[in-house]
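Worksheet: one structure, shown below.
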Amino acid sequence: GFLQRPNPTLDGGLTNRFYAEFSAGDENIPFGVVGSTNMKLRVDFSDDSIIPTDHNFAKLSGEINLRVNTFLQRRFFPNTLDVKLVGFVSDGFLPNYLYGALDGSFSYFTPFGGFKSLQNRQLEGEHGVGIFWEHNFRTVPFELLGMRGLARQGTGIIIFGGSGRTWIDENRFTPEIPFFGRYQDSWRHEVGLSINNLFGLLRFDAAFRVDEPGFHFGVSVPRIF
């Protein structure tokens with residue numbers, strides 16, 4: 001059968017921390033069904049001079065989602081560009097169970113906002129940054145090709161991409177905490193093409209690695225608006 005990787009050992013000790021969150025903008029709809037413009041920031045802080053804790057650190061993390069109308073803006077459903085920017089940075093000894101992460105896909109389910117070519121994994125780290133984008137051309141490509149049947153069904157074309165990486169200080173790697181495959185000490189890039197709203201049911205995503213050879217096919221929820 002399939003051999004699961006061992007679970008990494010967690011940093012021990014007591015961790016008490018304060019945190020504060022700030023959010024603004026539209027409601028963030030899961031799985032990218034509807035685009036939105038919003039932002040979210042969070043600060044985590046732990047200091048043994050203020051509260052009992054074995055780990056002194058500060059962590060700042062945030063996410064910005066941006067929806068922009070691009071071409072054919074007079075249409076009821078104009079072409080749109082969606083961008084998601086994710087970042088996190090820390091100072092001090094951040095326990096590994098509080099590391100930030102850039103998302104991947106859920107096997108063959110590839111929603112917007114993560115690496116579609118990264119299957120069943122995340123990229124973890126003390127610091128990280130990622131940008132994910134997609135442009136929805138809606139039915140325009142099929143209209144230009146004279147494929148009116150697909151256009152009338154609402155079938156469209158989306159192009160997408162993603163870039164990002166995380167960082168972990170090299171002195172954090174020990175035989176007890178080897179981070180089995182969850183950390184990549186380099187940038188990761190991908191681009192791809194989607195057939196959106198095929199028969200009104202599914203979205204098919206084909207993602208290609210740019211930094212090295214690789215391909216992943218998946219399905220996700222159609223981008224409706």
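For clarity, every value in this text was computed on a predicted model and none was experimentally measured.
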Problem - Phe217/Tyr108 aromatic ring centres below 6.0 Å - result: no
Problem - Same apolar cluster: Trp187 and Val89, side chain cutoff 4.5 Å - result: no
Handout entry: Approximate separation, where rounding is to 0.5 Å, of Asp91 CG and Phe57 CZ
Key = 11.0 Å
Problem - Where Trp133 and Gly162 come nearest, the two heavy atoms and their spacing - result: NE1-N, 4.2 Å
Practice task
Could you grab the distance from atom CG of Asp47 to atom CG of Asn16, nearest 0.5 Å is fine?
Solution key: 12.0 Å
Practice task
Establish whether Ile157 and Leu144 are linked, either directly or via other cluster members, by ILVMFWY side-chain heavy-atom contacts under 4.5 Å.
Solution key: yes
Problem - Exam field: side chain Asn38 to backbone Asp26, donor-acceptor pair closer than 3.5 Å - result: yes
Practice task
Check ring-ring contact (aromatic ring centres under 6.0 Å, His included) between Phe115 and all other residues, then give those that pass, not counting sequence neighbours.
Solution key: Phe132
Exercise for the section: Taking Asn136 for its side chain and Thr80 for its backbone only, find out whether a donor-acceptor pair lies under 3.5 Å. Expected result: no
Problem - Donor-acceptor pair, side chain of Thr139 and main chain of Gly156, under 3.5 angstrom - result: no
Problem - Considering all heavy atoms, the nearest Ile158-Arg203 contact - result: CD1-NH1, 3.7 Å
Problem - Closest approach of Phe225 to Arg67 (non-hydrogen atoms, all atoms of both residues) - result: O-NH2, 3.0 Å
Exercise for the section: Find out whether Leu14 and Thr53 are in side-chain contact, i.e. whether some heavy atom of one side chain is under 4.5 Å from a heavy atom of the other. Expected result: no
Exercise for the section: Look up atom CZ in Phe106 and atom NZ in Lys116, then write down how far apart they are to the nearest 0.5 Å. Expected result: 11.0 Å
Practice task
Using the rule that two of Ile, Leu, Val, Met, Phe, Trp, Tyr join whenever any of their side-chain heavy atoms come within less than 4.5 Å, decide whether Leu193 and Leu198 are in one cluster.
Solution key: yes
Problem - Short side-chain to backbone donor-acceptor contact, Glu126 and Asp169, under 3.5 Å - result: yes
Handout entry: Check: Thr166 side chain, Glu124 main-chain N or O, donor-acceptor pair, under 3.5 Å
Key = yes
Practice task
Verify, without hydrogens or angle tests, whether Arg188 (side chain) and Ser117 (backbone) share a donor-acceptor contact under 3.5 angstrom.
Solution key: yes
Practice task
Hey, can you tell me if Phe215 and Phe208 have their rings parallel, tilted or perpendicular (30° and 60° cut-offs)?
Solution key: tilted
Handout entry: Polar side-chain atom of Gln184 near backbone of Leu123 as donor-acceptor pair, under 3.5 Å
Key = no
Practice task
Without swapping roles, check the side chain of Ser46 against the backbone of His55 for a donor-acceptor pair under 3.5 Å.
Solution key: yes
Exercise for the section: Answer yes or no: is there a donor N or O on one side and an acceptor on the other, between the side chain of Lys59 and the main chain of Leu98, under 3.5 Å? Expected result: yes
Problem - Salt-bridge criterion met for Asp82 and Lys84 (N-O under 4.0 Å) - result: no
Exercise for the section: Starting from the C-alpha separation in whole Å, work towards a yes-or-no answer on side-chain contact (heavy atoms from CB on, under 4.5 Å) for Arg75 and Val140. Expected result: CA-CA 11 Å; Arg75 287 193 172 189; Val140 174; 3.9 Å; yes
Handout entry: Pair Arg172-Tyr99, side chain to side chain donor-acceptor pair (under 3.5 Å): steps then yes or no
Key = CA-CA 12 Å; Arg172 294 298 303 271; Tyr99 280 7; 3.0 Å; yes
Exercise for the section: May I ask you to decide if the ring planes of Phe71 and His135 are parallel, tilted or perpendicular, using 30° and 60° as cut-offs? Expected result: tilted
Handout entry: Test applied, side chain to side chain contact (heavy atoms under 4.5 Å, CB included); reference residue, Thr155; option that passes from Asn196, Asn197, Ile195
Key = Ile195
Practice task
Search all heavy atoms of Ser107 against all heavy atoms of His216 and return the closest pair with its distance.
Solution key: O-NE2, 3.1 Å
Fill in the blank from the handout: Shortest non-hydrogen pair, Tyr19 vs Asp44, comes out as CB-OD2, 3.5 Å
Handout entry: Glu21 CD: over 12 foreign heavy atoms closer than 6.0 Å
Key = yes
Completion exercise
So OG of Ser163 and NE2 of His189: to nearest 0.5 Å the spacing works out to 5.0 Å
Exercise for the section: To the nearest 0.5 angstrom, please state how far the OG atom of Ser220 sits from the CZ atom of Phe112. Expected result: 11.0 Å
Problem - Pairwise distance CG(Leu81) to CD1(Ile159) - rounded to 0.5 angstrom - result: 9.0 Å
